[in-house]
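Scroll down for the structure; my scribbles are underneath it.
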Amino acid sequence: KTPALKQLLDTYEKTGSSVLGVQEVPLSDVSKYGIAAYEKTPLGLKVTDLIEKPSPELAPSRMAIMGRYVIEPEIFKILETTPPGVGGEIQLTDALKTMLRTNPIYLCDFEGRRYDLGDKEGFLEATVEYGLRTHGAEFKKYLKGLVNSM
């Protein structure tokens, strides 16, 4: 019911620190994401380490960073000097790990459905659900007709 970004902003207001939106993923999927190690504190889940696309054996948790962030602006200076990491690309996870040395970062295990748009099935699910929300009965009728014709 509450948008993911609002949940992150609420966490930022509580902590006064950068916030990463996360969700727990199956162990078999941790190598697709930046993964956070964390500790529970009175303010929330505080990041202790970040690892970009770890193997399941090296993953400190199953809390995957899901592309939703509220990050302090100094990250841009850090990104300017961050060397390429996994895949030969400059990884935001690596820059955040550098920032973590001097600034606390918290996690927001946000509620809600997340679609993996980098995955064909996830893209199709998001498209169909968006169509149903925005075009309602007429799109539902179309889909039923399509399914019945197969």
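Excluded from the calculations below are hydrogen atoms, water molecules and symmetry mates; all remaining heavy atoms, backbone and side chain alike, are included.
S28 approaches S31 most closely through the heavy-atom pair O-OG, 4.4 Å.
Listed by chain and residue number, T41, K46, T48 satisfy the side chain to side chain contact (heavy atoms under 4.5 Å, CB included) test with E39 (two or more places apart in sequence, or in another chain). Evaluation of the side chain to side chain contact (heavy atoms under 4.5 Å, CB included) rule for Y130 yields T134 as partners, not counting sequence neighbours.
When only modelled atom types and interatomic distance are considered, Q23 and D109 share no side-chain donor-acceptor pair under 3.5 Å.
L50 is listed as a side-chain neighbour of I65, based on a closest heavy-atom distance under 4.5 Å. For the pair K32 and D29, the minimum side-chain heavy-atom distance is below 4.5 Å.
I51 and I71 fall into different hydrophobic clusters, defined by Ile, Leu, Val, Met, Phe, Trp and Tyr side-chain heavy atoms under 4.5 Å apart, directly or through other members. Connection of L92 to I90 is established within a shared hydrophobic cluster, with ILVMFWY side chains joined at heavy-atom distances below 4.5 Å, either directly or through further cluster members. By the criterion of side-chain heavy atoms lying less than 4.5 angstrom apart, applied directly or through intervening Ile, Leu, Val, Met, Phe, Trp or Tyr residues, L146 is grouped together with V128 in one hydrophobic cluster. No continuous path of hydrophobic side-chain contacts links V147 to F139 [ILVMFWY only; heavy atoms under 4.5 Å].
Through side-chain heavy atoms spaced under 4.5 Å, either directly or across other Ile, Leu, Val, Met, Phe, Trp or Tyr residues, V19 is tied to L5, L8, L9, Y12, V25, L27, V30, Y33, I35, M66, V70, F110. Side-chain heavy-atom separations under 4.5 angstrom define the hydrophobic clusters, and the remaining members of the one that includes Y106 are L43.
Separating the OG atom in S149 from the NZ atom in K144 is a distance of 14.5 Å, to the nearest 0.5 Å. Between the CG atom of N103 and the OG atom of S18 there is a distance of 6.5 Å, given to the nearest 0.5 Å. For the atom pair E125 CD and E121 CD, the distance stands at 4.5 Å (nearest 0.5 Å). Distance CD/E74 to CE/M99: 4.5 Å, rounded to 0.5 Å.
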Stepwise side-chain contact (heavy atoms from CB on, under 4.5 Å) test for E111 and Q7:
CA-CA 8 Å; E111 295 177 5; Q7 294 175 56; 3.9 Å; yes
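Counting only residues at least two apart or in different chains, side chain to side chain donor-acceptor pair (under 3.5 Å) contacts with residues 54-68 comprise E24-R62, S55-E57. The list of side chain to side chain donor-acceptor pair (under 3.5 Å) pairs with a residue in residues 79-97, not counting sequence neighbours, reads D49-K97, E52-T93.
Salt-bridge check for D10 with K6: passed, with a basic side-chain N closer than 4.0 Å to an acidic carboxylate O.
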